[in-house]
Number of protein chains: 2
Amino acid sequence: MAAKRTALIELDDGVCCAPLLVAPLADDEATELALVFAALGDPVRLRLLSLVAAGGEVCSCDLEAPLGKSQPTISHHTKVLADAGLLTGEKRGRWMMWRIVPDRLEALRAALA
Amino acid sequence: MAAKRTALIELDDGVCCAPLLVAPLADDEATELALVFAALGDPVRLRLLSLVAAGGEVCSCDLEAPLGKSQPTISHHTKVLADAGLLTGEKRGRWMMWRIVPDRLEALRAALA
DNA sequence: CCGGTATATTGACAACTGTCGATACATCGA
DNA sequence: TCGATGTATCGACAGTTGTCAATATACCGG
């Protein structure tokens with residue numbers, strides 16, 4: 001039998017969903033998606049994300065000054081974004097290097113279609 | 001002189017921003033964008049949005065049952081979504097009819113590019 | 001004008017969140 | 001090994017948020 005016609009958006013834990021405007025979301029789909037949008041629902045995290053995007057690869061210590069937040073706060077926000085799958089981090093020596101996850105953003109764009 | 005090359009995303013209050021990944025966001029841009037994403041950062045609101053999208057035009061009273069929430073709660077969520085510009089409401093007699101604002105969703109998609 | 005109905009607002013409360021200081025952990029250079 | 005540095009975690013606290021019962025407001029039919 002043929003696969004579903006509408007492209008499904010891949011979320012964490014193997015949960016998928018059709019684009020927002022195509023079919024009503026199920027409970028777990030909505031919960032999963034909301035987690036990602038909630039991660040974007042904070043000005044500091046949005047600016048953090050755009051800083052990492054602009055730099056390509058940015059270490060945590062280089063985010064404190066431009067964002068004007070303490071080190072624990074930066075660490076908190078990077079964790080939230082990483083948990084949402086929007087950021088990926090690699091520890092290099094003492095430094096934690098962060099990069100954008102383009103596929104994740106693209107999945108979000110698809111979910112808004 | 002030529003206009004800016006990158007398309008700007010239109011937000012409330014005449015605030016605009018370049019796509020997230022193109023240039024670091026300014027403070028007010030981030031605050032404005034975060035408000036919209038925060039509106040999407042709740043499972044009930046995401047399901048509400050998808051219900052309205054599926055129905056084309058849906059009245060508040062038809063949302064209580066499928067969402068399993070009280071009438072004041074539905075009213076609260078529609079207000080949050082409307083404030084974020086994602087939903088537009090028109091009072092018809094006793095009923096409040098809600099519709100999606102496609103341009104707003106498209107602007108969000110553009111901001112994620 | 002009155003009773004019924006759809007919606008908005010208010011007040012209250014528990015749960016969550018953003019923030020920072022203090023502290024612990026990890027890694028490097030000397 | 002030791003001190004310095006970058007990061008994560010913990011504890012605390014103020015502010016925000018999702019929820020509902022109660023109430024107020026708006027609108028319709030008779």
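Chain A is the first sequence line, chain B the second, and so forth, proteins listed ahead of strands; every chain is numbered from 1.
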J.: Tell me, which pairs form a disulfide (SG to SG under 2.5 Å) where one or both residues lie in residues 81-113 of chain B, sequence neighbours left out?
T.: none
J.: Side chains of Leu105(A) and Pro102(A): closer than 4.5 Å at any heavy-atom pair?
T.: no
J.: Do Thr78(B) side-chain atoms and Ile74(B) backbone N/O form a donor-acceptor pair below 3.5 Å?
T.: yes
J.: Using chain A heavy atoms and a threshold of under 4.0 Å, write down where along DNA chain C the contacts begin and end, 5' to 3'.
T.: dG18(C) to dC28(C)
J.: Show which side-chain atoms of residues 37-55 of chain B pair as donor or acceptor with protein atoms under 3.5 Å away, not counting sequence neighbours.
T.:
from, atom 1, to, atom 2, distance (Å)
Asp42(B), OD1, Val44(B), N, 2.9
Asp42(B), OD1, Arg45(B), N, 3.1
Arg45(B), NE, Ala39(B), O, 2.7
Arg45(B), NH1, His77(B), ND1, 3.1
Arg45(B), NH2, Ala38(B), O, 3.3
Arg47(B), NE, Asp27(A), OD1, 3.2
Arg47(B), NH1, Asp27(A), OD1, 2.8
Arg47(B), NH2, Pro66(B), O, 3.0
Ser50(B), OG, Leu25(A), N, 3.0
Ser50(B), OG, Arg47(B), O, 2.9

J.: Return yes if some donor-acceptor pair links the side-chain N/O of Arg99(B) with the main-chain N/O of Glu57(B) below 3.5 Å, else return no.
T.: no
J.: Nearest whole Å is fine: how far is dG6(D) P from Arg94(A) CZ?
T.: 7 Å
J.: If we ignore angles and hydrogens, is there a donor and acceptor under 3.5 Å between the side chains of Trp98(A) and Thr88(A)?
T.: no
J.: Looking only at heavy atoms, which two atoms of Lys91(A) and Arg94(A) are closest? And how far apart?
T.: CE-O, 4.5 Å
J.: Nearest-Å distance, CZ (Arg92(A)) to C1' (dT7(D))?
T.: 15 Å
J.: Between Glu106(B) and Arg104(B), is the closest basic N to carboxylate O distance under 4.0 Å?
T.: no
J.: Stepwise, does the side-chain contact (heavy atoms from CB on, under 4.5 Å) test hold for Leu35(A) with Asp83(A)?
T.: CA-CA 9 Å; Leu35(A) 220 81; Asp83(A) 286 348; 5.9 Å; no
J.: Determine yes or no for a side-chain-to-main-chain donor-acceptor pair under 3.5 angstrom, with Glu29(A) supplying the side chain and Ala26(A) the backbone.
T.: yes
J.: Which residues, if any, of residues 60-82 of chain A bring a heavy atom under 4.0 Å of DNA chain C?
T.: Lys69(A), Ser70(A), Pro72(A), Thr73(A), His76(A), His77(A)
J.: Hydrophobic clustering (ILVMFWY, side-chain heavy atoms < 4.5 Å, transitive) - are Val80(A) and Leu33(A) grouped together?
T.: no
J.: Consider only side-chain heavy atoms of I, L, V, M, F, W and Y, link residues closer than 4.5 Å, and tell whether Leu67(A) and Leu81(A) are in one cluster.
T.: yes
J.: In whole angstrom, what separates Asp83(B)'s CG from dT17(D)'s P?
T.: 12 Å
J.: Specify the separation, in whole Å, of atom CH2 of Trp95(B) and atom C1' of dC27(D).
T.: 9 Å
J.: Near DNA chain C, counting only heavy atoms under 4.0 Å, which residues of residues 37-59 of chain A show up?
T.: Asp42(A), Val44(A), Arg45(A)
J.: Can you pull out how bent the helix from dC1(C)-dG30(D) to dA30(C)-dT1(D) is, comparing the axes over its first five and last five pairs, to 10°?
T.: 30°
J.: Side-chain contact test, heavy atoms from C-beta onward, threshold under 4.5 Å: evaluate it for Leu86(A) versus Ile100(A) and give yes or no.
T.: no
